[in-house]
Each structure stands twice: as C-alpha cells, then as structure tokens.
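In what follows, chains are A, B, ... by sequence order, proteins preceding strands, each numbered from 1.
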Amino acid sequence: MPPKKKSEQSLGADGATLKELLHSMLLQRRFEEKVGEAYALGKIGGFCHLYIGQEAVSTGIISMLRPDDYVITTYRDHGQALARGMTPRSVMAELFGRIDGCSRGKGGSMHLFDRNVNFLGGHGIVGGHVPIAAGVGFAIKYRGGDQVIVCFMGESVVNTGAFHEALNMAALWKLPCIFVIENNKYGMGTAVERAAAIKDLSRRADAYDGMYAEHVDGQDVMAVRDATARALTYARKEQKPVLLEVRTYRYMGHSMSDAVSGTYRTKAELDEYLKRDPINLLKAKMLDEGIISDDDFAAMEQEIKAVCQDSWDFADASPEPPLESLYEDVLVTTES
Amino acid sequence: MAVITYREALNQALREEMSRDDRVFLMGEEVAQYNGAYKVSKGLLDEFGEMRVVDTPITELGFAGVGVGAAMVGLRPIIEFMTWNFAILALDQVVNSAAKMLYMSGGQYPMPMVFRGPNGAALQLSAQHSQAFESWLAHIPGIKVVTPGTPYDAKGLLKAAIRDDNPVIVLEGEMLYNTKGEVPEHEYIVPIGKADLKREGSDCSIITNGKMVLVAMKAADELAKEGIKVDVVDLRTVRPMDVEAIATSVRKTNRAVVLEEGWELAGIGAQVVDYVQRECFDDLDAPVVRVHQEDVPMPYAKGLEKSAKPDLAKTIAAVKKVMYVD
C-alpha cells in the first residue's frame with residue numbers, strides 16, 4: 001500500500017474511502033429526490049418520509065460496521081437501507097409496491113428489510129423498535145458473538161417508555177447495542193425543546209451506569225465516523241451499550257404531506273442548515289485537498305443519476321404482487 | 001400414567017424443550033431466582049443457568065420487544081407475562097412487531113417465539129387483574145392463540161408452541177395451575193389448531209375453551225343425571241379455530257351453547273356462533289345461546305364477582321334453554 005498523502009491523513013481516511021463516503025451520501029440524496037418525484041406522480045403511495053439532509057449520519061455510522069453487524073431503524077429508512085448496501089432497485093421497487101421490492105411489496109416505505117445485509121427493518125411505531133434492538137443485542141451476547149447492533153431512532157423516541165425500558169436492560173445486561181439518536185430537531189412538527197425536558201439528549205444515558213454516550217455533529221461525516229469508532233470500541237470490545245446523539249437536520253417535511261417550511265419552522269432556519277450541507281462539506285474538503293476534481297464529481301453524479309433512473313425503470317417494470325400472495329407470509333407454514 | 005398439576009405439566013414442557021434446543025430461553029418477571037410468580041419455571045434456573053432463564057425488570061413492553069429482537073436473529077424466546085393483564089403494556093410488541101414481522105418483511109423474518117402467562121379471573125382480584133384476553137389476541141392475523149384447559153393439553157400445546165416457527169400466544173388459566181390430570185411421561189405434542197372432543201353426547205354441544213372446559217365438563221355431568229347428553233368441544237386453539245370440529249358436533253346434536261370466560265361483544269363465542277350459522281344453519285333445532293362474563297369490569301365483592309362470571313349454573317341453564325326444557 002502506498003504511503004498516505006498528507007491531505008488524506010488530515011481528512012481522516014484514504015482517498016478511496018472518502019470517495020465511497022461521498023458516493024454513498026450522494027446516492028441517498030439523488031435517490032430520494034427521485035422518490036419525491038415518483039411520489040408526486042402517484043407511483044409511490046402511503047406515508048413517505050425522506051431522509052434528505054441526514055445522509056452523513058447513515059453513511060458515517062454504517063460505513064464503520066462489519067457485514068455481520070446488525071442495523072435496525074425507523075420509518076425514515078431509505079437512507080440507511082442504501083448505506084447498508086441494499087440495492088436501489090430493491091428499495092425503489094418496494095416503494096412502488098412491486099414484487100421485486102425488498103419486502104415483496106408488503107412493507108412499503110416504512111418497512112424495508114433485507115436479510116442479506118442484516119438490515120432488520122424500518123419500523124413504524126415511534127420507539128417500538130428500540131427494545132427489539134436490545135433483543136438483538138441479547139441474542140449476540142447469548143451466542144457469545146462480537147457483533148453489534150446499531151439502532152437508529154429519531155429524537156422524539158427519547159420521550160417514550162420503550163426507549164427507557166430498552167436502555168435500562170441494555171445497560172443492566174451489558175448488551176452490545178449502539179443506540180443512535182438522529183436529532184433532526186423536529187418530531188413531526190414539534191420542536192425537540194417542546195417535547196423533551198432536557199436539551200442535551202446524550203445525557204439521557206446518565207441514567208444508566210455503564211452506558212457510554214456522546215453527541216456529535218451530524219453534518220460532518222468524518223466526525224460521525226470518529227464517534228462511531230469510539231462507540232464500536234465500547235460496544236464490541238468492552239461490551240457496553242452506547243448512546244450516540246447525532247445532531248442533524250432534515251430539509252424536507254416530516255413526510256410528503258408536510259410542507260418543507262412555514263408551519264413549524266422558518267425558511268431562514270432551513271437556509272442556515274443548507275449552508276452546512278453534509279455532502280457539500282465533504283465535497284469541498286475533497287476538492288481542497290485535491291482528492292477529487294470537479295470533473296470527478298460530475299462523473300460521480302452522472303453515474304448515480306443513471307443508477308437512480310435505472311431503479312425507477314426497474315421498479316416501474318416490476319409486476320404488482322400477484323393476488324395469490326395476499327395470504328402468503330401471514331404465518332410460516334413449515335414447522336421447525 | 002402420572003397425575004400431575006397443570007403447573008407441573010407446563011414446567012415439564014419448558015424443561016423438555018429447553019433440553020432439546022439450546023436456542024430456547026425463558027424470560028420474564030420473577031422467572032429465575034423466585035422460581036416463577038406461579039412457580040411454572042421452578043428449578044429451571046438451576047438447570048439451565050442465568051443466560052437461559054432470565055429475570056427482567058418490571059417492564060412488559062421492553063422485554064417483550066427483547067424477545068422479538070432475539071427471535072429475529074434466530075433464537076426461540078419464551079416470554080412469560082406475570083399475567084396477561086400486565087401484557088396490555090406489551091401489546092405493541094405482540095401486535096405491531098411479532099404478528100407483522102414476517103408479512104411486512106415479505107417472508108424474510110419469521111418469529112419463532114412464545115408469549116405465555118396466566119389469563120382470566122382468579123378470586124376477588126377485581127377489575128385490573130381479572131380479564132380474559134382470548135378475543136383481543138385472536139383478532140390479530142400473524143399469531144396463533146392457544147388456551148389449554150387441562151394439564152395434558154397444557155404440556156402438549158406449550159411444546160407445540162415452542163416448536164412452532166410462528167409467534168404463539170399461550171393463555172394459561174390462572175385458576176387452573178393447581179388442577180390435576182393425567183400426563184404421560186413419554187414425548188407428545190398436542191397439535192395447534194385442532195379441537196378436542198372432551199366428552200361425547202348427542203343432545204347438545206357445548207363449545208368452549210380454556211378454563212371454561214372444566215365448567216363445561218361439570219355441567220355435562222350434572223345434565224347427564226337428568227338424561228341430557230352433552231358433547232363438549234374444547235377448541236384448545238382459538239386462532240386458528242377448528243371450524244370442522246364445531247360443525248361436526250353441531251350437525252350431530254343440532255343444538256349449541258357457546259361458553260367462554262370473556263365478555264360478550266366481539267367475543268370468541270360471537271365467532272363460534274358465526275361459524276355455526278354459516279356451516280350448520282339447516283341443522284339447528286334452536287337458536288345458539290352464549291354464556292360469558294357480564295358486560296362489566298370485574299367487581300371485587302364476592303357476591304358481585306360470582307354473579308359477573310360465567311359458571312356452572314348459567315351453563316346448565318343455557319343448555320336447558322336450547323333443549324326447551326326449562
């Protein structure tokens with residue numbers, strides 16, 4: 001391996017890794033822009049919660065995981081699914097409600113699952129998946145493995161009983177769980193200050209002896225990776241659960257039926273956050289350090305746009321699930 | 001054949017299945033050091049250790065979710081609720097997670113797990129501790145619901161539940177733990193989804209389940225003294241329900257009483273009556289009569305409580321009504 005360039009060291013990763021991180025974030029961004037378009041055309045139905053603006057969180061954390069680690073998340077799950085390596089085709093086909101979707105058209109936007117990459121789903125009930133994550137942590141410990149489970153959640157989860165119950169058990173039993181609060185400031189239309197009686201959400205961990213916690217800038221993918229590296233040390237090596245509060249922002253409304261700004265937040269606030277866009281921040285550093293050129297970036301965008309268009313075409317061509325599948329997978333039909 | 005209690009039968013089922021498969025573990029409040037609030041898990045901690053017999057904090061939603069997560073990645077959890085009354089707190093995990101995971105993942109994540117614990121009223125525990133949840137849970141697709149009424153069925157159904165790759169709810173009768181019955185020492189399974197004809201008769205069917213099986217059997221004894229021969233159909237499983245067994249009995253007797261522990265509205269009995277009218281309309285010689293709990297929260301005072309519950313006298317009266325002999 002050639003020695004690292006000084007510029008690569010200053011950014012905390014080698015050029016190839018940095019390009020992968022940029023690619024992952026850009027793929028999520030362009031993919032979800034396509035999703036928004038498809039939703040407007042009625043190709044995607046139901047609730048649809050976009051992740052745009054938060055890509056450094058999914059990319060920063062998931063890029064540090066091993067393939068045998070587990071990821072579980074909420075209904076805002078497209079970004080993490082792609083970051084985890086689910087194909088744009090399988091995700092888009094699921095959003096279109098087609099048979100080639102990752103959940104065969106039964107789950108939709110809020111319920112992306114892929115066993116092949118240990119992606120344990122998008123879950124639709126606020127807080128409901130947090131005890132499930134503790135259960136995966138319990139199973140890892142039961143088997144004596146050294147994997148971890150990363151559990152993404154929105155900041156409004158910290159106010160639920162499920163959150164407390166799960167963190168208490170994870171700390172009590174020393175489970176290898178990394179609980180990630182994606183603090184995007186709003187639980188639907190309610191600002192975090194109006195819902196949580198504490199400002200520093202990472203301090204919720206103070207209630208549990210043996211839990212490691214920190215908060216991190218969620219617009220800086222390298223900072224998220226650094227925090228994840230520390231979290232992995234605690235969870236994987238020291239067998240301590242971790243609470244990571246990642247401070248980020250979503251540019252879109254809570255869901256597709258929600259205005260981007262105007263009702264519960266101002267356009268001025270949104271504009272402030274746009275200045276610290278996670279993709280632009282990384283791109284600017286890479287340009288500065290000569291890791292990529294504008295042409296490289298343009299080429300990357302072209303390639304990603306083609307992939308996203310391909311996912312759309314694929315989803316559009318995929319058949320609707322056959323009506324015979326209505327009663328499939330309600331129950332397993334073979335006994336163990 | 002050994003005569004043992006319902007509690008011991010469940011204990012045997014747990015022991016046998018935990019010995020057979022090391023993916024099976026038991027988790028719940030007081031299941032380990034205390035040996036079980038109702039002593040169903042007696043001795044299991046000593047035998048299997050604290051990783052497989054796990055005391056939890058008092059947090060039903062939380063540990064039910066832990067079971068769901070463990071099942072997602074291949075373990076076979078048995079989640080004990082100290083009573084199903086408390087399990088209402090965990091219904092999100094039962095209904096939104098366990099029951100839906102296979103379907104909404106397009107078949108990727110089966111849920112090989114058991115939720116079990118005492119169900120229904122005991123004595124003078126009043127409203128929050130005296131509820132029968134069969135119809136609540138049976139309403140949900142994606143789970144199976146079994147209601148053993150005898151020690152034999154308790155052991156066989158629990159073993160079947162643990163081996164099933166689906167989430168299975170086991171509703172144990174709180175008043176049944178001390179009841180005794182013959183339970184074979186040899187390996188056996190009671191299949192989920194099959195009703196059992198607990199008694200043969202030709203005059204009237206009593207269709208029932210769970211704790212009410214004993215009441216139905218007693219009613220059959222009493223009625224036999226008056227020359228009325230009753231067929232007792234024990235549903236054993238309320239989801240899926242053995243429609244054929246119900247129809248076979250009613251086609252033979254032409255009369256039916258449905259006896260259940262829970263409330264009337266949208267109760268298990270309502271479903272049975274629906275099956276009977278669809279399958280046996282031309283066979284009926286009298287309208288079907290239901291016996292159930294009165295439509296009130298369970299009162300504390302002895303006399304009020306007795307009058308709120310379905311019992312032997314109400315069951316006998318119902319049979320006589322459909323026989324037109326009262």
B:V73 and its side chain to side chain contact (heavy atoms under 4.5 Å, CB included) partner, picked from A:L120, A:I149, A:N118:
A:L120

Check each of B:T56, B:V66, B:T59 against A:E165 using the side chain to side chain contact (heavy atoms under 4.5 Å, CB included) test, and report the only one that passes.
B:T59

Against chain A, label [X] side chain, backbone, both or neither, depending on which of its atoms sit under 4.5 Å from a heavy atom there.
X	result
B:E60	backbone
B:Q93	side chain
B:D21	neither
B:I143	backbone
B:M27	side chain

Nearest 0.5 angstrom please: [X] [atom1] to [Y] [atom2], how far?
X	Y	atom1	atom2	value
A:L331	B:D164	CG	CG	8.0 Å
A:K141	B:M51	NZ	CE	6.0 Å
B:M101	A:H111	CE	NE2	10.0 Å
A:H129	B:N96	NE2	CG	13.5 Å
A:S103	B:Y109	OG	OH	9.5 Å
B:F63	A:M169	CZ	CE	8.0 Å

Answer yes or no: are there more than 12 heavy-atom neighbours, outside [X] itself, under 6.0 Å from its atom [atom1]?
X	atom1	value
B:Q128	CD	no
B:Q33	CD	no
A:R115	CZ	yes
B:L197	CG	yes
B:Y188	OH	yes
A:L323	CG	no

Max heavy-atom pair count under 4.5 Å with chain A, selected residue of [options]:
options	result
B:L75, B:V68, B:V54	B:L75
B:K100, B:M111, B:Q108	B:Q108
B:A99, B:S97, B:G62	B:G62
B:A71, B:G69, B:P141, B:P77	B:G69
B:G106, B:P112, B:A70	B:G106

If you take all heavy atoms of B:P57 and A:W173, which pair is closest and at what distance?
CD-CZ2, 4.1 Å

Minimum heavy-atom distance A:G128-B:D92, with the two atoms named:
CA-OD2, 3.8 Å

So which part of [X] gets closer than 4.5 Å to some heavy atom of chain B, the side chain, the backbone, both or neither?
X	result
A:Y70	side chain
A:I99	neither
A:A162	both
A:D114	both
A:E94	neither
A:L112	neither
A:H164	neither

Check: B:N166 side chain, A:V332 main-chain N or O, donor-acceptor pair, under 3.5 Å:
yes

For chain B, which candidate among A:M110, A:K106, A:R104 shows the most heavy-atom pairs at distances under 4.5 Å?
A:K106

Determine whether A:F113 and B:M72 make a side-chain contact, defined as any pair of heavy atoms from C-beta on separated by less than 4.5 Å.
yes

Between the side chains of A:Y142 and B:R52, does any donor sit under 3.5 Å from an acceptor?
yes

